[in-house]
Amino acid sequence: MTQKLEFYLLDVNTETIDHSTEIRLWVVNRKGKPVLLRHPRVPAHFYAMPKPSSTAESVASSIAGTKIAGVSKTEIVEKRFFGKPVQVVKVVSDQPELVSKIAHAVGELKNVERTVEDDIRVGPRYLIENGLVPCAWHVAETIPSSAKEVAIDVFELEKPPTLNESAEVPNLKMLAFSVIAVGAKGSARPEHDPIAILSAATSDEKTHSFVREGKDDSELLAKFQDFVREFDPDIIVGYTNNRLDWPYIIKRAEKLGFKLNLDRSGSGPHPSMYGHMSIAGRVNLDIYDLASDMIEIKVKTLENTAEFFGVTEFGKNEPIEEHEYQDYWAHESRRTKLIAWNEARARATLRLAELNLPFVTQLAALTGMPPDQVLTAAVGFRVDWYLIRQAHRVGELVPKRLDQPYFPYRGAIVLEPRTGLHDNVAVLDFASMYPNIMILRNLSPETIVRGKDSVAAKDVFEVKETKAKFRKKPEGFYAAVLRGLIEERVRIREQVERLDQKSLEYRILREREKAVKVITNACYGYAGWTGARWYVREVAESAAALGRGTINEVIAFARKIGLTVIYGDTDSIFVENAPAKIDRLLKMVEKELELEIKGDKVYTRTLFTEAKKRYAGLLPDGRLDIVGLEVVRGDWAEVAKNAQEAVIRFVLEDKSPDRAAHHVRRTIADLRAGRIPLRDLVIWKTLTKPVEEYKVHAPHVEAAKKLLKAGWELTSDEKIGYVITKGKGKLYEKAKPLALVGAKEVDVEYYETNQVLPASARILELLGVKERELLPENAKGA
DNA sequence: GCTGACTGCCTACCT
DNA sequence: ACAGGTAGGCAGTCAGCG
């Protein structure tokens with residue numbers, strides 16, 4: 001009487017019913033229809049590890065004797081803990097809500113060393129133990145249920161589903177939304193400012209706006225809710241919806257006594273893991289979380305994010321800044337424009353979600369985290385969950401996250417650059433240096449040889465500099481995981497070659513490869529992160545030390561064969577482009593160091609300042625790479641960055657400063673004449689803590705204080721855009737926030753002296769040009 | 001009271 | 001809220017200065 005159901009897993013949550021836990025899998029079937037699968041009465045469990053002086057049997061009988069409330073049964077199982085085989089007691093409870101209490105009581109028993117995995121909650125555990133993967137296909141035997149409390153089809157499960165891989169992508173319904181609320185002064189506050197406009201764009205290419213008409217927004221909320229329920233999206237997406245839009249909507253609803261019913265089980269969004277808002281049965285994505293990972297986007301507005309991804313929804317609209325909302329809303333004639341603007345925001349958000357969904361789903365599938373969580377979670381937690389999955393596969397117990405003391409260690413080497421211009425420069429990079437070192441030397445938490453362990457010297461690799469020793473065999477956890485990841489990447493690359501670049505499968509595999517890369521590259525840093533479950537400082541420290549040794553050997557070899565090294569940082573070296581010598585070097589690395597170094601690119605000309613980590617290179621196709629310099633920094637005014645970029649280009653193209661210097665003089669003349677628009681004079685800096693916690697005065701902090709005074713609310717890590725204005729006093733006194741400044745107030749002298757001149761001179765001084773020669777009045781030979 | 005040398009705070013960047 | 005290495009602006013302090 002059961003029926004087979006193939007489904008794509010979107011989310012999991014749990015419901016407590018009579019103290020027992022029901023697992024709820026929110027899925028879509030092959031036809032793209034949403035379905036709820038309920039697996040009732042799923043027990044929870046954790047493990048108790050006996051002290052070395054005791055045994056699992058003894059611990060089991062202690063637990064039985066103590067009669068701890070909620071323990072349903074115990075079982076002795078074989079596991080591994082940091083690679084060592086251990087007999088542990090699996091403690092099962094039918095009342096998952098009691099687990100932490102039970103674990104605490106068990107942890108107190110005299111023969112118990114520790115409890116483990118009591119911090120892994122039932123929902124995620126259900127997925128892990130049964131090999132279920134978010135954003136992947138599965139198959140289950142299901143029993144139709146007559147349950148009426150949710151609007152979609154419900155089935156019961158008697159046993160867990162199984163993975164049933166398929167490259168197919170379900171057709172998911174997506175709804176993007178954007179909220180505008182207007183305050184009388186500064187930011188809108190949910191306590192007294194109703195939502196003015198709520199726009200929604202749906203994957204069937206429709207856009208709807210809900211505009212407040214009455215004195216409050218209850219009707220607006222009700223209509224939006226009806227709209228959501230009617231469209232019934234699988235994915236809801238916004239921009240800063242986790243931290244702003246949903247909390248605002250929730251507070252408005254509370255204020256109005258309006259019970260939200262937006263999810264698939266009859267309630268509203270609620271805060272969940274890693275700061276994301278959970279909407280039962282739907283995936284709630286926040287594109288801002290995605291933008292946070294894109295370091296190229298300096299000021300993370302929706303408009304900038306859209307531009308970065310080539311989303312053109314804002315094309316026709318003139319931009320409306322948040323501080324202008326109030327004005328646009330207040331005037332009937334302009335209100336239409338504000339509505340159109342908000343609709344463009346919703347559509348841009350939808351496009352961004354569509355573009356990035358393949359990456360999000362692949363990252364979810366790889367880490368095993370639900371898609372909305374994985375996007376919000378920091379890299380460390382993504383690695384955490386990936387490792388938890390891998391640990392389970394090999395019977396390794398999952399260590400708890402502990403508060404560990406922090407001891408810094410020595411990191412990578414950066415070479416002093418050969419200052420000036422160089423022609424024909426090759427850049428050589430190690431391929432995944434840290435991961436490969438960790439594999440090569442088997443650096444792992446369980447392969448470490450501690451003082452008390454006795455292992456024959458020949459079976460051990462010692463990192464001289466850190467004095468840490470690692471067993472050569474068997475292969476450690478990190479090494480095995482990293483090898484798997486690197487192999488998967490190679491596999492994907494091979495597969496991809498045989499595919500049509502326009503096919504969906506190609507696209508998805510590419511995104512999978514990106515996800516694999518993210519996790520691979522984060523493992524070294526993860527190992528040295530005190531918050532990591534598998535934190536072992538010696539592993540990261542030794543990887544860093546071996547990395548230094550590696551790059552040093554490469555440099556020494558280059559010297560020996562007369563290959564000039566111009567610069568190097570961590571796992572890269574810049575050398576004169578002498579192919580025969582480079583080839584010898586690559587071969588040496590492969591044979592002697594057992595690592596791979598690759599020729600990344602060749603610059604026709606490069607420019608190195610005296611500082612490390614700041615240089616520029618001209619590629620054969622005319623493109624410019626600029627690294628570390630003001631051009632690529634978000635905290636320099638556009639006018640200075642533009643001038644510097646032009647200078648770099650002219651210098652690299654001409655090998656002479658003339659055109660560059662002329663350009664700078666013209667920029668300064670424009671500045672003095674007031675021909676530079678205000679937006680090119682804004683300096684953006686992140687406010688990293690509340691203004692009152694700063695120990696010194698700083699321009700962006702003072703600007704932030706002015707915003708607060710004007711009634712604006714600032715979120716944590718907000719970028720403050722400010723302009724230096726005319727007047728007396730300290731610089732910080734002259735910094736005014738963008739929202740409150742007028743073009744006439746600008747102190748152009750500051751931009752000349754402290755922005756354009758130093759940024760340009762930094763480059764031109766390499767060619768012997770002095771700062772004063774860059775002033776219009778000092779033009780030579782005119 | 002101003003100048004210059006120096007230190008510390010702070011932010012953003014590189015691999 | 002993955003690691004350490006690095007640059008550089010500005011504030012602030014203090015010595016020197018008739």
N/O (side chain, His700(A)) to phosphate O (OP1/OP2, dC10(B)) under 4.0 Å: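 Checking dC10(B) against His700(A), no side-chain N or O comes under 4.0 Å of OP1 or OP2.
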
Under-4.0 Å side-chain N/O to phosphate OP1/OP2 contact, Thr686(A) with dT11(B):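 Thr686(A) to dT11(B) OP1/OP2: no side-chain N or O under 4.0 Å.
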
Residue-level proximity of residues 359-378 of chain A to DNA chain C when a heavy atom falls under 4.0 Å: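 Heavy-atom contacts with DNA chain C come from Ala378(A).
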
Just list the side-chain donor-acceptor pairs under 3.5 Å for residues 720-735 of chain A, sequence neighbours left out, or say none.
| residue | atom | partner | partner atom | Å |
| --- | --- | --- | --- | --- |
| Thr725(A) | OG1 | Lys734(A) | O | 2.8 |
| Lys726(A) | NZ | Lys744(A) | O | 3.0 |
| Glu733(A) | OE1 | Lys730(A) | N | 2.6 |
| Lys734(A) | NZ | Asp747(A) | OD2 | 2.9 |

Position toward the 5' end of DNA chain C (nearest nucleotide), Arg410(A) or Trp529(A):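 The residue mapped nearer the 5' terminus is Trp529(A).
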
Under 3.5 Å, which donor-acceptor pairs link side chains of residues 623-638 of chain A to any protein atom two or more places apart or in another chain?
| residue | atom | partner | partner atom | Å |
| --- | --- | --- | --- | --- |
| Arg623(A) | NE | Asp621(A) | OD2 | 2.9 |
| Arg623(A) | NH2 | Asp621(A) | OD2 | 3.3 |
| Asp625(A) | OD2 | Lys601(A) | NZ | 2.8 |
| Asp625(A) | OD2 | Tyr603(A) | OH | 2.7 |
| Glu630(A) | OE1 | Gln644(A) | NE2 | 2.9 |
| Glu630(A) | OE1 | Arg762(A) | NE | 3.4 |
| Glu630(A) | OE2 | Arg762(A) | NE | 2.8 |
| Glu630(A) | OE2 | Arg762(A) | NH2 | 2.7 |
| Arg633(A) | NE | Asp635(A) | OD1 | 3.0 |
| Arg633(A) | NH2 | Asp635(A) | OD2 | 3.1 |

Between Trp246(A) and Asn284(A): side-chain donor-acceptor atoms closer than 3.5 Å: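 Trp246(A) vs Asn284(A): donor-acceptor pair found between side chains.
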
Qualifying residue, where the test is side chain to side chain donor-acceptor pair (under 3.5 Å) with Asp289(A) and the options are Asn242(A), Asn241(A), Thr240(A):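 Output: one option passes, namely Asn242(A).
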
Salt-bridge contact Glu117(A)-Arg125(A) (side-chain N to carboxylate O under 4.0 Å):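 A salt bridge is present here (some side-chain N lies under 4.0 Å from a carboxylate O).
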
Under 3.5 Å, which donor-acceptor pairs link side chains of residues 434-441 of chain A to any protein atom two or more places apart or in another chain?
| residue | atom | partner | partner atom | Å |
| --- | --- | --- | --- | --- |
| Asn436(A) | ND2 | Ala431(A) | O | 2.9 |
| Asn436(A) | ND2 | Ser432(A) | O | 3.1 |

Distances for protein N/O vs nucleotides 6-8 of chain B N/O pairs under 3.5 angstrom?
none

First-last contacting nucleotides on DNA chain C - partner chain A, under 4.0 angstrom, heavy atom: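 In short, chain A contacts DNA chain C from dA1(C) to dG12(C).
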
